[in-house]
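Residue numbering restarts at 1 for every chain, and letters A, B, ... go by the order of the sequence lines. Note: hydrogens, waters and symmetry copies are ignored here, and every other heavy atom, side chains too, is used.
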Amino acid sequence: MLLVNQIRQDKERVLNSLRKRNWKEENLSVLDKILELDDQRKKLQTENDSNLASVNSKSKEIGSLMREGQKDQANTKKQEVAALKEEIKEREERMKMVNLELTEHLLSVPNITHDLVPNGASDEDNEVTQAWTKDLPQLPENAIPHWDLAKKYNLIDFELGVKITGAGFPLFRGKGARLERALINFFLDEAQSAGYEEIIPPLLVNEDTARGTGQLPDKEGQMYYVTKDDFYLIPTSEVPITNIYRNEIVKSEEFPIKLTGYTPCFRREAGSYGADVKGLNRVHQFDKVEIVQISKQEDSYKALDEMVKHVAQLLEKLELPYRILRLCGGDIGFTSSLTYDFEVFSAAQKKWLEVSSVSNCETYQSNRLRCRYKDENGKTKLVHTLNGSALALARIIASLLENNQHEGGIKIPKVLIPYTKFDNID
RNA sequence: GGAAGAGUGGCAGAGCUGGUUUAAUGCACCGGUCUUGAAAACCGGCGUGCCUUCACGGGCACCGGGGGUUCGAAUCCCUCCUCUUCCGCCA
């Protein structure tokens, strides 16, 4: 959520950002509406505070009058207070309405985009900032897509997943399960070497937490919800991990904060059907190792670069062909200022699959989280929050299986062999 | 799940028979005096959010969350959450 002051002081920038996100001109007036509501809010509060102050002082007077036994005068004062209270009640009612409407509008405004974010309407307009310049893997004509490979080598059983739960809940077994676990451990070890502290967070979160990172209210339908206890299944470990710092004032010596965590991720993916959901391309439950950084405002883009390099290096080590995209205004997430996506080439499907998304949310999340720090002048500032996948497992497995298939099975990349304890799947 | 007790500012800890305590005191922390330097001692500062002010400053709210009683609530009532202890159940 943006601060009203960001809109007030830098309205042009916010407007340009909304245009970059392809907002219709007629919807841009929401900013004026916000400023107007904020003015109303301030006016109401000033009036109300002075009434409250007057109630406070009169109550004190009543106290001393009572002690002196001046009952009549006290009663007169009491009546004055009663009148004020009527007014206060009425005004607070209005303040509530104004605040509600103000928040509602603020929530509808996405984060301000970074200048580097390219214009564009959809994922086709994303800017390739690092293309794959070497040859793409060439597979023979009869190359097998990963869902068939998974079946052939008994690595993943999609039908059993359906039986046990439903579509989109794959069951890993044997070397498939082992490969999954190998990747998790490999990613966690790499993150640890890069200075990230490992976290194993709860997989269910409460409403405050879901609100903190911006999943609520607008992405409500994307999360699984446990009605009996009002918990949400996490769509990514970014949610519980970033919320560690909800309502905190971070001490400056704690920076840089670098956290990593492996968790399963649960996504309802309501409304997405079709070719893309085949196999592991889009599932309701998948494993992911996430990296999170919480930084001072001036350090966040350095941190973003560092995270991008970290992810790139993982893909290098896995020997997977990848490219890096800078998301355009039409594709970038609501809460992000600047996002880099990583896509891996899955050679049998002949498709680029998104395996990581690294974002700087600047103060958009921290405003909601109320996560702050003191700068060198002792001024309280909102932190910048960053998160990135390092990496999402399902699609990595998909491309690993497809790209590394050969006559005698599926070859395991060298870095993983210490983890899998086998070098080939057959 | 049942019973009892408790939740106060970074920590400790008073207040909890409602009104000069709208939060004492100690520790920690920051600044100063003293000192060659340090310690000790002394003096001062020391929460968050919002409103107002060019500024100095002033005001409002917050004592686990929410609601209520009252002229006035940390203090009384209701409700939820959390923690501790005991019982039950259970990896």
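Annotation: cation-pi geometry satisfied between A:K175 and A:F422 (NZ/CZ under 6.0 angstrom from ring centroid, within 45° of ring axis).
Contact annotation for A:L52: backbone-only contact, meaning every heavy-atom pair under 4.0 Å involves sugar-phosphate atoms and none involves a base.
Atoms CG (A:N51) and P (B:C71) sit 17 Å apart, rounded to a whole Å.
The pair A:R94-A:E90 does not count as a salt bridge, with every side-chain nitrogen at least 4.0 angstrom from each carboxylate oxygen. Using a cutoff of 4.0 Å between basic side-chain nitrogens and carboxylate oxygens, A:K163 and A:D157 are not scored as salt-bridged.
Using a 30° and 60° split on the angle between ring planes, A:F169 and A:H284 fall in the tilted class, from 30° to 60°.
Applying the 4.0 Å criterion to OP1 and OP2 of B:C60, one finds that A:N56 has a side-chain N or O inside that range.
Spacing between B:C63 and B:C11 at atom C1', rounded to whole Å, works out to 16 Å. Comparing B:G31 with B:A38, their P atoms are spaced 12 Å from each other, to the whole Å. Look at the C1' atom in both B:A74 and B:U17: the space between them is 15 Å, to the nearest Å. Rounded to whole Å, the P atom of B:A24 lies 31 Å from the corresponding atom of B:U82. Using C1' as the reference atom, B:C77 and B:U84 are 25 Å apart when rounded to the nearest Å. If you take atom C1' in B:U36 and the same atom in B:G26, they sit 33 Å apart, rounded to whole Å. The C1' atoms of B:G44 and B:U53 are separated by 26 Å, rounded to the nearest whole Å. The P atoms of B:A23 and B:G58 are separated by 14 Å, rounded to the nearest whole Å.
Among A:P264, A:C265, A:P170, the one residue that satisfies the side-chain contact (heavy atoms from CB on, under 4.5 Å) test with A:F286 is A:C265.
Residue A:K60 places no side-chain atom within donor-acceptor reach of the base of B:U20, judged by atom type and a 3.5 Å distance cut-off alone.
Residue A:S57 is the one, among A:S50 and A:S57, whose nearest nucleotide of RNA chain B lies closer to the 5' end (criterion: closest heavy atom).
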Within the 4.0 Å limit for protein heavy atoms, which parts of nucleotides 44-54 of chain B are touched? Write it as a string from 5' to 3', B for base, S for sugar-phosphate only, - for none. ----SSBSS--
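Every stem involving RNA chain B, taken as at least 3 paired positions in a row under the Watson-Crick or G-U wobble test at 3.5 Å, is listed here: B:1-7 with B:81-87, B:10-12 with B:25-27, B:29-33 with B:41-45, B:47-52 with B:57-62, B:64-68 with B:76-80.
The two residues A:S357 and A:D341 come nearest to each other via the heavy atoms OG-OD1, 2.8 Å.
Contacts of A:P110 classified as side-chain contact (heavy atoms from CB on, under 4.5 Å), with partners at least two apart in sequence or in another chain: A:L18, A:R21, A:W23, A:F334.
Put simply, the side chain of A:R178 gets close to the backbone of A:T420: a donor and an acceptor are under 3.5 Å apart.
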Applying ring pair (Phe, Tyr, Trp, His ring centres under 6.0 Å), run through A:F255 and A:Y373 and close with a yes or a no. CA-CA 10 Å; A:F255 291 110; A:Y373 68 103; 5.3 Å; yes
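Relative to the side chain of A:K85, the nucleotides B:C71, B:C60, B:G72 differ in distance, and B:G72 lies closest.
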